[in-house]
> 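Encoded as structure tokens, here's the structure I'll be asking about.
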Amino acid sequence: MPTVLFILESAAVGAFIAGDLLIFVSWAAAALALSGFIRGCRRLLTEQTAENPRKIESRVVLALSPLCLLFLKHMSLLWFLKDIRCYLLPTALAGSTGLLFFLFWDGQISRNAEGPIPRRTGLALCLGSFTIFTFLASGLVFPQHPLTGDEPHYLLITQSLLGDGDINLADEYANRDYLRFYPGELESHANPGRLGPDHQYSRHLPGLSVLLVPFYALGEKAGGLKAFVFLVRLPIMILTALLGMAFFFFIFDLTRNRTAALISWLAFMFTGPMLFFSGLIYPEVPVALITLLIFRHLIFKRDDRPHILFFSGLGLALLPWFGIKYIVLSAVFFVLGARPYLKKPAADLGKVVRLTLFPLVSMGLFLLFLWSCYGHVNPASAYTGVNLPSSLDLIRPLRPTDVPSFIGAALSLFFEKKNGIFIHAPLYLLVVAGFLILRKRKMTARVELVIAFGAYWFTAAAAFHLGGYCPPGRPLLPLMWIPGAFCACALAAPTGRLAAVIKAGLAGLSALIAGFSLSVPQLLYHVNSNPKAGNILSESRFLAAAGNLFFDPNTWTPALKASGALEMGPLAGWVLALLLVTVVILRLRNKTSVPSFSSISRVGIVLASSVLFLAIVFFHVRLVNPVSFKAGGYILYFQDENQFGLEEGGFWTKGTAEASVVLQSPKRLAEIALSLAGAAPGHAEIRVDRFRASVRHDPERSPEYRVVFKSPRGFRWRGAYLYLVRVREHSPFVPYHLDRRVPDNRTLGVFVRIAVK
């Protein structure tokens with residue numbers, strides 16, 4: 001049965017793309033080989049689970065069926081409008097991950113007997129996740145994230161520490177030392193100190209930069225930029241893996257269930273936002289690790305051993321050095337941790353001293369640091385420098401005129417289309433149901449969880465500014481393990497079949513989104529979003545890429561307006577979805593008997609998922625909202641931001657990025673001609689419809705190179721014909737670097753003009 005289903009799945013893919021008999025034969029052979037391999041491992045699988053070996057075999061083969069999509073990478077001459085190859089691997093892996101989670105779970109997780117903490121399992125998960133993170137960051141398969149946002153600024157402080165032994169960045173900015181790891185002009189994030197303009201101090205505190213010092217030194221010895229970027233991000237990967245292990249232990253403490261802890265660890269670590277930041281240089285990951293360790297040991301377990309108190313105090317002392325906003329976290333966690341000892345201060349004096357020793361010393365050093373740099377002890381001086389307004393408050397009080405902006409900012413952290421956690425990780429829609437389940441258990445420290453997260457959520461909303469040109473989820477990332485814990489309680493709760501389908505569907509969708517993000521990371525990056533400054537984007541790059549000819553997900557999700565409010569229509573829909581998920585999970589839990597999914601239902605799930613994956617992979621074209629320009633007899637629709645727009649009858653591509661343009665013509669075209677030009681020698685790759693061409697151009701030999709594509713097939717849509725034109729330049733240049741008289745600092749690829757017949 002598994003072999004037959006796998007063969008049918010392969011044949012369906014083959015029939016969908018070409019109807020080629022070779023596809024059927026090759027994947028039938030692969031199905032036989034895979035089925036034989038699983039049969040050979042039957043004994044091992046049986047030892048690991050209590051299920052029937054044939055059921056295990058069937059489910060594994062079904063879950064691996066989306067890997068059939070990988071065969072499509074060989075179909076390089078497809079007439080479909082988008083290049084599908086970069087999406088196949090993450091799509092197939094994410095689909096398999098979601099199906100594995102679904103097919104092996106019949107709606108309930110059996111509660112394990114009370115037992116010791118699975119330390120070996122936690123260590124194995126830590127090592128495994130670290131291996132995965134290093135592989136993803138290596139750039140071997142998925143593109144390496146460029147150093148952008150706040151990352152270069154943290155590295156510049158590290159560079160100053162190694163080179164000058166201080167954090168004065170005036171000479172680093174003057175000498176443009178950042179060119180070692182950041183091409184182009186780096187905007188200054190430094191403010192003048194009390195000793196004058198020759199002393200510039202970054203608004204980013206040096207805690208993270210100190211952590212990077214040994215890895216920066218290794219990166220300098222490595223030489224190449226890719227190796228350097230990998231090494232300076234290595235400590236974040238280590239800390240993220242440790243955070244995952246700590247989260248696994250914490251969920252086991254909550255549920256006393258290894259299976260629930262393992263599933264929750266998978267969901268937390270390999271979906272957004274945690275996966276997005278697992279290899280990026282931001283302080284949120286180390287702060288999350290510190291807060292989770294403090295909460296688990298000091299507040300949840302009430303462990304008052306001397307070394308626990310000392311290390312908890314040390315963690316509280318370190319938090320402010322990672323960022324001004326973490327002073328709030330340090331204060332909240334200190335109050336929650338010290339509250340039991342303050343009831344009887346005389347009897348617990350020694351415990352209070354151990355807990356407060358490091359925070360008091362750190363507070364004095366922090367105030368001394370602020371005074372020596374800026375001449376002020378107000379922490380806000382790190383953002384303003386010596387020119388601290390007398391009316392500036394550390395936390396701006398909430399005024400009546402600010403209520404809509406505050407509410408919109410608070411909700412946008414979860415619902416907003418560019419930065420909302422629910423949008424990029426739908427699994428967190430289980431958070432309310434998990435919280436209510438946890439509340440019914442009357443677990444100790446549940447109130448402390450709410451207080452800690454609520455206080456930080458309030459702070460993030462009051463000082464709302466989604467900047468840094470980074471992936472979504474950063475503002476709440478330091479405490480995302482708290483919503484993760486609530487979701488874990490929802491996942492661990494016994495449920496009915498419908499609730500199980502919802503859980504598995506949300507998990508699979510979150511994995512799918514994470515998989516797409518690995519292949520095209522730039523889709524997650526947006527410029528600063530600040531309602532007060534009015535620089536609000538109306539569209540999400542990720543949702544725009546997920547849309548196609550038939551629907552636009554950007555219209556389904558709320559956008560943040562310049563006034564700070566969210567669009568009410570889409571917001572109401574998402575709030576309703578959150579409530580429905582919560583109601584279903586709560587009403588269909590605690591079932592005494594939950595029937596297993598039948599073989600027919602499993603087959604239907606796999607086939608439906610495969611159709612969904614194919615639809616996402618192929619129909620990746622948008623003509624609804626993208627920028628468009630009318631030219632001679634046709635319309636150009638720019639599908640991405642990898643170009644600088646229409647100018648002088650053509651357009652420049654950006655650097656080495658591939659620019660995708662859809663050409664719409666009222667009639668079928670006989671030919672499409674591209675003229676390429678550039679101010680420097682280069683090598684461009686062109687793809688028009690199913691045709692490919694490679695052009696080496698040199699302005700000294702010829703000012704323009706013309707390439708003609710005969711009889712393009714195109715795609716008929718709404719009475720017109722669509723043709724996809726893709727251009728990538730491998731040798732970019734900056735006009736100002738070639739000629740100082742040209743005030744153009746853009747990184748240009750190649751200039752493209754299009755003519756049709």
Side-chain angles (χ1 to χ4, degrees), residues 82 86-87 90-91 94 145 148-149 271-273 275-277 280 408-429 464-477 506 509-531 533-575 577-578 616 619-628 637-642 657 660:
K82 275 289 183 180
C86 63
Y87 297 99
T91 301
H145 286 241
T148 186
T271 61
L275 182 66
F276 303 153
F277 288 88
L280 302 183
L411 293 177
S412 69
L413 297 174
F414 290 96
F415 294 99
E416 208 270 333
K417 64 175 62 180
K418 299 178 296 296
N419 302 287
I421 293 171
F422 292 156
I423 309 300
H424 297 87
L427 182 68
Y428 285 94
L429 288 171
F464 180 78
H465 184 83
L466 297 177
Y469 202 67
C470 59
R474 183 184 175 188
L476 296 179
L477 189 64
L506 294 176
L509 184 58
S510 300
L512 186 66
I513 292 173
F516 273 113
S517 304
L518 293 175
S519 61
V520 193
Q522 65 267 26
L523 294 179
L524 298 178
Y525 286 77
H526 296 88
V527 298
N528 296 348
S529 297
N530 186 359
N535 54 350
I536 299 297
L537 295 177
S538 61
E539 188 175 83
S540 164
R541 293 178 180 174
F542 176 79
L543 294 178
N548 55 52
L549 295 169
F550 310 105
F551 69 95
D552 184 5
N554 268 293
T555 62
W556 303 352
T557 49
L560 191 64
K561 301 178 182 178
S563 62
L566 286 171
E567 295 176 340
M568 294 306 298
L571 176 62
W574 276 85
V575 172
L578 176 63
I616 293 174
F619 298 105
H620 183 76
V621 180
R622 297 181 61 255
L623 298 179
V624 181
N625 292 322
V627 178
S628 62
Y637 293 92
F638 291 116
Q639 296 288 290
D640 49 43
E641 297 180 353
N642 298 336
S660 296

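Not measured: the values here are computed from a predicted model.
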> Would you indicate whether the side-chain heavy atoms of P570 and F415 approach each other to under 4.5 Å?
no
> Which distance, rounded to the nearest 0.5 Å, do you find between the CZ of F414 and the CG of N419?
13.0 Å
> For P273 versus G473, what's the shortest heavy-atom pair and its separation?
CB-CA, 3.9 Å
> Rounded to the nearest 0.5 Å, how far apart are NE2 of H145 and CZ of F276?
9.0 Å
> Carefully, step by step, assess Y428 and S510 under the rule side-chain contact (heavy atoms from CB on, under 4.5 Å).
CA-CA 9 Å; Y428 285 94; S510 300; over 6 Å; no
> P426 versus I513: any side-chain heavy-atom pair under 4.5 Å?
yes
> CG/L566 to CD/E416 distance, rounded to the nearest 0.5 angstrom?
6.5 Å
> Locate the shortest heavy-atom distance separating F277 from P471; write the atom from each residue and the value.
CZ-O, 3.2 Å
> Looking only at non-hydrogen atoms, find the nearest pair between L560 and G408 and report the distance.
CD1-O, 4.1 Å
> First locate atom CG of L571, then atom CE of M568, and finally report the distance between them rounded to the nearest 0.5 Å.
5.5 Å
> Atom NZ in K418, atom CG in L524: separation rounded to 0.5 Å?
13.5 Å
> When you compare the side chain of S540 with that of T557, does any pair of heavy atoms fall below 4.5 Å?
no
> Measure the shortest side-chain to side-chain distance between W556 and L543 over non-hydrogen atoms and say whether it is less than 4.5 angstrom.
no
> Would the distance check show the side chain of E567 and the main-chain N or O of G569 forming a donor-acceptor pair, the cut-off being under 3.5 Å?
no
> To the closest 0.5 Å, what do you measure between CD1 (I423) and NZ (K417)?
9.0 Å
